[in-house]
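One structure below.
Atoms within a ligand are numbered from 1 in the order they appear, just like the ligands themselves.
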Amino acid sequence: MASRHFLSFFDLTRAEAAEVLARASELKRLRAQNILPLLFERKVLAMIFEKSSTRTRVSFESAMIEGGGGAIFLSLQDSQLGRGEPIGDTARVLSEMCDAIIARTYAHSTVEELAAQASVPVINALTDRLHPCQVLADLQTYQEHRGGIAGRKVAWIGDGNNMCNTYIEAAQVCDFELAISTPPEFVPPIQDFVRGDANVSWNRDPQSAVTGADLVVTDVWVSMGQEASADHRRALLNPYQVDSALMSHAKTDALFMHCLPAHRGEEVTAEVIDHVNSVVWDEAGNRLHAQKALLEFLLRS
Ligand code: CP
Ligand code: NVA
């Protein structure tokens with residue numbers, strides 16, 4: 001049977017996403033009691049990184065260590081990928097020796113090619129197009145603080161980037177409203193991510209997107225790979241900073257999330273990210289639990 005992959009949020013059904021999120025919270029509760037089930041005993045995870053990472057690398061590596069397995073970090077510099085070995089050949093070789101592969105790449109087509117050639121599960125650890133592991137942790141965090149996200153309003157403010165694209169997918173899988181506000185220059189290609197009914201809108205005015213929101217989310221203005229246009233991006237995105245004035249239009253108990261790393265004074269003020277309604281540290285911590293549950297699910301499927 002072909003392996004299950006997690007390249008996009010659409011790779012999980014609504015029921016499967018609910019199952020993974022519930023399991024993530026259960027594993028988190030067990031860990032708090034010093035109970036670490038050997039989910040990955042003698043399993044090996046290969047981790048390909050074309051770009052930098054703190055949270056994604058550490059959470060996957062910790063997940064494997066805590067679960068009784070191991071993880072191997074492969075950067076371009078230290079592997080034959082950097083010397084031109086095709087990604088498809090790499091996928092076949094790693095499938096002979098490892099039980100699952102994660103990859104953080106520039107082109108989304110690279111993880112698709114990896115998945116097409118691998119005989120083990122492949123997980124998208126961020127591409128220019130999507131970052132589904134992060135949104136899984138975000139939804140776990142929302143659920144733990146406020147209950148299920150179905151029927152709630154999420155406001156995405158700032159750049160229409162890989163995180164925003166993933167929120168468009170997740171809104172459909174998990175049935176929430178998504179109000180996006182970006183500069184017209186950075187509107188995400190919403191229709192590329194819509195399948196059937198979707199409660200997803202775009203408005204250039206951030207206040208209108210945030211009004212009545214249960215959750216406000218932003219991300220960096222300059223994603224990895226966009227450094228050359230940083231000044232231009234910052235100038236256009238400046239009116240989209242999430243500050244207390246903007247948050248005051250959301251519901252009074254609205255949560256704030258940011259996948260991190262954050263730039264206080266750019267996309268978010270210190271007052272908002274360090275506020276009691278900001279759950280960014282839980283959000284980061286939940287990467288560990290959500291990915292354990294995801295790996296367990298994919299390895300079983
Ligand atoms: N949020 C996130 O993916 O962080 P890293 O880039 O540190 O992995
Ligand atoms: N949008 C950001 C997310 C970093 C975790 C980037 O791609 O750099």
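A perpendicular orientation is assigned to the rings of Tyr167 and Phe176, their planes being inclined by more than 60° (bins at 30° and 60°).
Taking any N or O of His131, backbone or side chain, none lies under 3.5 Å from an N or O belonging to ligand 2. At least one N or O atom of Asn162, backbone or side chain, sits closer than 3.5 Å to an N or O atom of ligand 2. Taking any N or O of Met224, backbone or side chain, at least one lies under 3.5 Å from an N or O belonging to ligand 2. Residue Lys51 has no nitrogen or oxygen atom sitting less than 3.5 Å from a nitrogen or oxygen atom of ligand 2, judged on distance alone.
Contact check for Gln134 versus Leu126: no side-chain heavy atoms found under the 4.5 Å cut-off. Asp99 places none of its side-chain heavy atoms less than 4.5 Å from the side chain of Phe40. Contact check for Phe9 versus Ile168: no side-chain heavy atoms found under the 4.5 Å cut-off.
The neighbour count for Asp205 CG, taken as heavy atoms of other residues, nucleotides or ligands under 6.0 Å away, is above 12. Glu26 CD: more than 12 foreign heavy atoms inside a 6.0 Å radius.
With sequence neighbours left out, Arg42 forms a side chain to side chain donor-acceptor pair (under 3.5 Å) with no residue at all.
Here the heavy atom of the protein found nearest to atom 2 (C) of ligand 2 is Ser223 OG, 3.3 Å. Of all protein heavy atoms, the one lying nearest to atom 3 (C) of ligand 2 is Asp219 OD2, 3.6 Å.
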From CA spacing to verdict: salt bridge (charged side-chain N to carboxylate O under 4.0 Å, His left out), Arg233, Asp159
CA-CA 9 Å; Arg233 302 182 63 80; Asp159 188 19; 2.5 Å; yes

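Which parts of ligand 2 touch Leu126 is read off a 4.0 Å heavy-atom cut-off, strictly below it: atoms 3 (C), 4 (C), 5 (C), 7 (O).
Between the side chain of His108 and the backbone N or O of Arg129 there is no donor-acceptor pair closer than 3.5 Å.
Cation-pi geometry between Arg57 and Phe73 is met: the NZ or CZ atom falls under 6.0 Å from the ring centre, inside 45° of the normal.
Contact check on Arg234 versus Asp231 returns a salt bridge, with a Lys/Arg side-chain nitrogen under 4.0 Å from an Asp/Glu carboxylate oxygen.
Of the heavy atoms in Val220, only side-chain atoms (C-beta onward) come closer than 4.0 Å to ligand 2. With a heavy-atom cut-off of 4.0 Å, Thr56 does not touch ligand 2 at all.
Protein residues with a heavy atom closer than 4.0 Å to ligand 1 are Ser53, Thr54, Arg55, Thr56, Arg104, His131, Gln134, Cys259, Leu260, Arg287, listed by chain and number.
Under the 4.0 angstrom criterion for non-hydrogen atoms, Leu260 is in contact with ligand 2.
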